[in-house]
Amino acid sequence: MKRGALDTFFKPVAPKKPKYEASTQQSSHASYPFAVSYLPEAFAEQLQFAPAEEGRVMNQERDLDMVYYQPYIPRSIADGMFEFLRQELFFYRVQYTIKRGGAPTAINTPRFTTVFGVDATSRFTEDGGLVDAKTGKGIEKGRYKCTPRPIPQCLGLLKDLTEGATGCEFNFCLVNYYADGKDSISYHSDDERFLGELPAIASFTLGAKRDFLMKHKPIPPSTTGESVVEPKQIKLTLGSGDMVLMKGETQRNWLHSVPKRAGEQGGRINITYRQALVRGGTDNYYTYNVGTGGAFQWNAREKLMRAWSADEDASEGVTPPKQDK
DNA sequence: AACCATAACGGGG
DNA sequence: GCCCCGTTATGGT
């Protein structure tokens with residue numbers, strides 16, 4: 001056998017080049033299960049070129065008012081940002097019960113979620129405290145049933161840039177992780193009262209492409225007896241770095257979904273920025289995007305989301321102390 | 001907003 | 001052009 005072959009066999013595999021250069025700074029808060037790294041500087045630099053493409057106005061159908069950026073985040077960094085966020089954020093698999101045909105039914109939300117932000121009646125101070133938006137004084141305990149979480153630097157940077165480019169204002173960031181084609185979200189509108197009448201929502205895709213379906217809500221029969229033309233269903237295949245800005249009448253009149261898909265699909269992260277106007281929005285979002293269960297974190301070795309435990313986190317990369325007899 | 005049963009679709013042979 | 005069957009769409013709960 002050749003000498004080189006043995007060397008190849010025994011030499012430990014070269015450590016994989018990291019997909020991103022981790023920052024030394026972190027966003028911390030008492031409400032976080034663990035600190036979240038700042039966005040790597042290389043990504044932050046490239047984000048200054050966003051939007052990478054001019055937005056395409058989509059208003060060809062009735063009540064449709066959106067802009068499609070293909071992409072918004074430069075393709076050169078979109079997959080890297082996907083890897084970064086999947087690794088550095090904590091996620092939840094929310095469970096709750098609904099009444100189905102009178103009987104309580106368990107719902108396991110078919111995706112991982114996490115949420116940051118607080119509605120417009122409050123704001124975070126520099127040190128992470130919550131104060132009333134008007135008076136600047138500490139909020140009464142009891143204003144929220146949940147514990148609102150400030151938006152970490154890595155997601156706040158993209159929020160600020162998007163606000164600047166679109167002229168919209170956001171105070172919430174929802175993140176969804178679709179692990180594979182079985183993870184999905186069924187048809188719904190983001191038309192909750194606490195978002196106001198004509199909400200603007202910026203929705204980013206990172207990682208695997210997924211179909212994004214839109215259909216008009218049922219149109220009530222016209223009182224004059226004229227026939228109405230149903231708007232066409234729309235299918236967008238959202239790729240890594242793409243962004244759709246939904247605004248105006250869109251949420252009031254259209255439903256959207258990311259349906260289950262057969263076959264092998266990689267993971268996809270969806271980030272949405274939106275503005276909640278009143279307190280009810282804050283508790284609602286934390287109920288359905290954080291829930292009451294524990295956090296999950298991406299395990300790169302096993303390639304899956306794993307239940308996070310404070311103990312294991314503390315001993316990460318550290319040899320456990322020997323026990324004396 | 002999800003599950004599930006069932007219908008409709010559509011590419012391969 | 002038709003059948004097969006996996007995938008996708010739809011409607012009731």
Side-chain angles (χ1 to χ4, degrees), chain A residues 61-64 66 91-117 119 145-146 172-197 199 201-205 208-221 228-239 244 246 249-276 278 280-293 296 305:
Chain A
E61 302 290 339
R62 167 166 25 172
D63 305 321
L64 190 66
M66 49 192 274
F91 290 91
Y92 301 85
R93 197 84 180 188
V94 175
Q95 307 188 347
Y96 56 99
T97 60
I98 57 166
K99 282 277 199 293
R100 221 172 121 192
T105 309
I107 297 293
N108 299 305
T109 304
R111 59 191 174 279
F112 291 88
T113 57
T114 197
V115 65
F116 302 96
D119 66 87
K145 291 200 280 287
C146 64
F172 259 96
C173 176
L174 277 61
V175 184
N176 295 296
Y177 175 64
Y178 300 82
D180 55 41
K182 295 189 292 297
D183 277 359
S184 63
I185 188 163
S186 50
Y187 269 116
H188 70 285
S189 298
D190 296 305
D191 59 354
E192 295 92 347
R193 295 283 296 275
F194 52 75
L195 295 177
E197 288 289 291
I201 299 176
S203 174
F204 288 87
T205 293
K209 59 168 69 76
R210 286 291 291 268
D211 286 343
F212 180 77
L213 306 184
M214 300 187 72
K215 66 177 180 186
H216 199 283
K217 294 180 186 177
I219 299 171
V228 288
V229 253
E230 293 288 335
K232 285 199 294 282
Q233 176 170 310
I234 294 169
K235 176 163 90 176
L236 302 178
T237 302
L238 301 179
V244 288
M246 295 177 277
E249 292 284 338
T250 305
Q251 298 297 343
R252 180 186 292 173
N253 294 284
W254 288 74
L255 302 164
H256 55 273
S257 75
V258 176
K260 295 186 196 307
R261 283 291 180 251
E264 68 303 324
Q265 316 256 350
R268 168 181 183 260
I269 281 177
N270 169 242
I271 304 168
T272 64
Y273 295 104
R274 56 189 70 197
Q275 184 178 40
V278 299
T282 297
D283 279 325
N284 177 288
Y285 278 145
Y286 284 91
T287 299
Y288 290 108
N289 297 282
V290 173
T292 55
F296 288 78
M305 288 289 171

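Note that these values count all heavy atoms, side chains included, but never hydrogens, waters or copies made by symmetry. All chains are named by letter (A, B, ...) in the order of the sequence lines, taking the proteins before the strands, and each is independently numbered beginning at 1. Here the structure is a predicted model, which means the values were calculated and not measured.
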Rounded to the nearest angstrom, tell me the gap between atom [atom1] in [X] and atom [atom2] in [N].
| X | N | atom1 | atom2 | result |
| --- | --- | --- | --- | --- |
| Lys99(A) | dT13(C) | NZ | C1' | 14 Å |
| Asp183(A) | dC3(B) | CG | P | 10 Å |
| Lys235(A) | dC9(B) | NZ | C1' | 12 Å |
| Ile98(A) | dA2(B) | CD1 | P | 9 Å |
| Glu192(A) | dA1(B) | CD | P | 7 Å |
| Lys260(A) | dA9(C) | NZ | P | 14 Å |
| His188(A) | dC3(B) | NE2 | C1' | 17 Å |
| Leu255(A) | dA2(B) | CG | C1' | 15 Å |

Is it the case that Arg261(A) and Tyr178(A) place a side-chain donor and acceptor less than 3.5 Å from each other? no
Ala262(A), nearest nucleotide to its side chain (from dA1(B), dT10(C), dT8(C)): dT8(C)
Tell me which nucleotide among dA1(B), dT8(C), dT10(C) gets nearest to the side chain of Arg111(A). dA1(B)
Under 4.0 angstrom, heavy atoms only, what part of the nucleic acid is Pro110(A) near: base, sugar-phosphate, or nothing? sugar-phosphate
Numerically ordered, the residues 209-217 of chain A set in heavy-atom contact under 4.0 Å with DNA chain B is none
In terms of ring plane angle, is the pair Phe91(A) and Tyr177(A) parallel, tilted or perpendicular, where the classes change at 30° and 60°? tilted
Can you tell me if Lys209(A) has over 12 outside heavy atoms packed within less than 6.0 Å of its NZ? no
Give a yes or no on whether Lys217(A) atom NZ has more than 12 heavy-atom contacts from other residues, nucleotides or ligands under 6.0 Å away. yes
Heavy atoms, side chains only, cut-off 4.5 Å: are His256(A) and Met246(A) in contact? yes
With respect to the phosphate group of dG6(C), does any side-chain polar atom (N or O) of Arg261(A) fall under 4.0 Å of OP1 or OP2? no
Pairing of Arg210(A) and Asp183(A) as salt bridge, 4.0 angstrom limit: no
Run the salt-bridge test on Glu197(A) and Arg252(A) with the 4.0 Å N-O cut-off and return the result as yes or no. yes
